[in-house]
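Every heavy atom of this structure was used, including side-chain atoms; hydrogens, water molecules and symmetry mates were not. Naming convention: chains lettered A, B, ... in sequence-line order (proteins, then strands); numbering from 1 in each chain.
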Protein chains: 2
Amino acid sequence: MAMKKRSGTMRREKTVEEYADGILQHNRVMLAQAITLIESNAPRHFQKAQDVLKLIFPYTGKSVRIGITGVPGAGKSTFIEAFGMYLCELGHKVAILAIDPSSTITGGSILGDKTRMEELSRHPNAFIRPSPSQGKLGGVHRKTRESILLCEAAGFDVIIVETLGVGQGETIVKDMVDVFLLLALTGAGDELQGMKKGIMELADLICINKADGDNLSKALITKQEYESILHFLQSATKGWQTKVMTCSALYKEGIEEVWNMIQQFITHCKERGFLEEKRAAQMKYWLGAMISDYLYASFYGNENVKRTRPMLERKMMNKEITVSEAADQLIRMYEQRK
Amino acid sequence: MAMKKRSGTMRREKTVEEYADGILQHNRVMLAQAITLIESNAPRHFQKAQDVLKLIFPYTGKSVRIGITGVPGAGKSTFIEAFGMYLCELGHKVAILAIDPSSTITGGSILGDKTRMEELSRHPNAFIRPSPSQGKLGGVHRKTRESILLCEAAGFDVIIVETLGVGQGETIVKDMVDVFLLLALTGAGDELQGMKKGIMELADLICINKADGDNLSKALITKQEYESILHFLQSATKGWQTKVMTCSALYKEGIEEVWNMIQQFITHCKERGFLEEKRAAQMKYWLGAMISDYLYASFYGNENVKRTRPMLERKMMNKEITVSEAADQLIRMYEQRK
């Protein structure tokens, strides 16, 4: 009875080969389902997703991976809609993914509302995927970068990864894209107050949005301000001086120029072997990050460690034991019974 | 025979209590020997050093801990000599420690040559300790911060931790001091090229050195330049706008002002409970860092992991396996036989 009900309401589960074939045939429904598989936290889904990834892996890596960030209010949705539409009209296939580790804190999701990019979401060349459901930073990290691979295998040649611009998301996105775009507003001084420390040093390209109407002259001043600050910072990508541009996503001005600049950046990197280098380094970084996640979960999730840690930390704070002693005792607790 | 020789040439090893008593009686020879004990890599010395630290721990924490960094050529030695002499003459007891994780790369040691601060090293109120011998970053880290505690227990009320300003040392020093001073030169733009990314955001106080003679007007311009950049960066300590000053270590000008500013900073932080907060956070950070060191050493030093890692990384780079698969396999190798 229970079984009957189950088989009646659930679709037959697809095989690894069905997923992979569907993706390689550019089947969007299959792509969406495979991403859902990757996002699942069930162990058997993990293995299956890995098997799918293994089959499509040789067909990945051919897109331009673009990270886009900016403080709330910088007009990210409007920009991505205008930018995405421009690329789709040029014949590109554009996938938009979001990474939003802060959603667990804010309760909101940056791409939860698909209608945010109404025109783009209806375009046959565009694929918009909301932020993965809440989870650990490391987990979201893995899910997004594996989704990039699926999108590439499904024929998307421009992948945009969007992040909120206020949390830890930026450095993580930086480690999965080829080029990083910071969307900014006029009034650099005031606005930067709300920006995360160091975010400017991640950007290969800064674009001052809302450079239209009365705001245009302010935007040009802001551009100069950013340029003078950048003069004192190290560039995000070696051999590339971070560029500052202006645009108006609302009036679709400067969008082509942004794309041209991104292409220039990619060419610059490819010619010098930097792109290949960057992607290889990113893979090693991801491997290390996954291993760290595992090690920390194993240590701090250990029952002995969990039980004794608060007491040892208290003793340490009260100067009854040294930091080294506290570490030593915790490690001994961990080793005792793993 | 062998035993006789040994007892004949070696000093009797001091007991934990002898070390602790000596330090608490402000015996400098005992302090120096206890630091040597802390710097030792022998396991039995580790335990003994921890026992000494435990005894002196209640007598620590009463100094002003100052981190000083700057690119080579900024005049760190001259500055520390002038600054230290000024403090010693005021009656302070000043200990100078160096952290130099880059010494393994450069082959040199920043405080290896005591004669660098000739006048200060002869002052009865000063204690200068060269950089610990080469080792892992985490190890040097521990040794330096434990040496701070020994110096405090030995009656030193100003501890200066010096770092080279080009490596990873700065963030580590930042995590063991109350206030962080960046020593800079005129011509911010050019000089910053040689500075480590983000170093300005670590500083509570930037001091443009060599502000004398023909260089004075340039120093004042540089000061303004730094101030305008700082306007766009987040301050290193919450509620404190990073200050920029000028000085001439050579002519002993501006030294008193630096000390006054440091005192102002400390008062500011103490009044708001920030200092206590910072030191508590630092202890937790150290604990976490020591545990990370252990976990990484355990994982990457594991024989199974060492044997299979190059092959798995190669497969991953060749897209034969995914990153998640590589991580999964390494973790399984590690779990197999710890």
Side-chain angles (χ1 to χ4, degrees), chain A residues 46-47 49-51 53-54 57-58 60-61 142 145-146 149 188-189 192-193 195-198 200-201 225-226 228-229 231-234 280 283-284 286-296 298-300 305 312-313 316-317 319-328 330-331 334-335 338, chain B residues 46-47 49-51 53-54 57-58 60-61 142 145-146 149 188-189 192-193 195-198 200-201 225-226 228-229 231-234 280 283-284 286-296 298-300 305 312-313 316-317 319-328 330-331 334-335 338:
Chain A
F46 174 80
Q47 197 44 59
Q50 293 309 312
D51 292 340
L53 282 166
K54 195 169 181 170
F57 209 17
T60 63
R142 174 181 72 76
R145 67 180 169 72
E146 291 182 345
L149 301 177
L192 271 168
Q193 304 300 322
M195 265 188 197
K196 207 187 155 270
K197 197 165 153 177
M200 277 183 68
E201 286 179 324
E225 286 179 335
Y226 270 100
S228 64
I229 304 166
H231 183 63
F232 299 106
L233 300 176
Q234 283 203 13
M283 285 180 98
K284 283 205 176 180
W286 296 341
L287 181 61
M290 292 192 77
I291 287 165
S292 295
D293 278 358
Y294 153 78
L295 290 173
Y296 290 137
S298 162
F299 188 88
Y300 292 105
V305 171
L312 286 170
E313 284 195 356
M316 180 180 84
M317 292 299 173
K319 294 190 177 179
E320 291 164 42
I321 56 171
T322 63
V323 177
S324 297
E325 253 186 304
D328 218 46
L330 276 179
I331 289 165
Y334 175 66
E335 299 243 309
K338 277 192 261 213
Chain B
F46 174 80
Q47 196 46 58
Q50 292 309 312
D51 292 339
L53 281 167
K54 196 171 180 170
F57 209 16
T60 63
R142 175 180 74 76
R145 68 181 167 72
E146 291 182 344
L149 300 176
L192 271 168
Q193 305 299 323
M195 267 191 198
K196 206 186 156 270
K197 196 166 154 177
M200 277 184 70
E201 287 181 321
E225 286 179 334
Y226 271 100
S228 64
I229 304 165
H231 183 64
F232 299 106
L233 300 176
Q234 283 204 13
M283 285 181 98
K284 283 204 175 179
W286 294 341
L287 180 61
M290 292 192 76
I291 287 166
S292 296
D293 278 358
Y294 153 77
L295 289 173
Y296 290 137
S298 162
F299 189 88
Y300 292 105
V305 171
L312 286 169
E313 284 194 356
M316 180 180 84
M317 292 299 174
K319 295 191 177 179
E320 290 165 43
I321 55 171
T322 64
V323 178
S324 297
E325 253 185 304
D328 218 46
L330 276 178
I331 288 165
Y334 175 65
E335 299 243 309
K338 277 192 263 213

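- Ranked by non-hydrogen atom pairs under 4.5 Å with chain B, the options A:L53, A:L149, A:L295 are led by A:L295.
- B:F57 pairs by the ring pair (Phe, Tyr, Trp, His ring centres under 6.0 Å) definition with nothing, not counting sequence neighbours.
- For the pair B:L312 and B:M316, the minimum side-chain heavy-atom distance is 4.5 Å or more.
- Residue A:E320 touches chain B through its backbone alone, counting heavy-atom pairs closer than 4.5 Å.
- Here B:V323 is the residue among B:D51, B:D328, B:V323 with the most heavy-atom pairs under 4.5 Å with chain A.
- For the set A:F46, A:F299, A:Y300, the count of heavy-atom pairs under 4.5 angstrom toward chain B peaks at A:F299.
- Qualifying salt bridge (charged side-chain N to carboxylate O under 4.0 Å, His left out) partners for B:K319, counting only residues two or more places apart in sequence or in other chains: none.
- No option in A:E146, A:R142, A:Q50 other than A:Q50 meets the side-chain hydrogen bond (donor to acceptor under 3.5 Å, both in side chains) test with B:T322.
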Derivation of the side-chain contact (heavy atoms from CB on, under 4.5 Å) call for B:S298 and B:Y334: CA-CA 9 Å; B:S298 162; B:Y334 175 65; 2.6 Å; yes
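- Only the side chain of A:E313 comes within less than 4.5 Å of a heavy atom of chain B; its backbone N, CA, C and O stay farther away.
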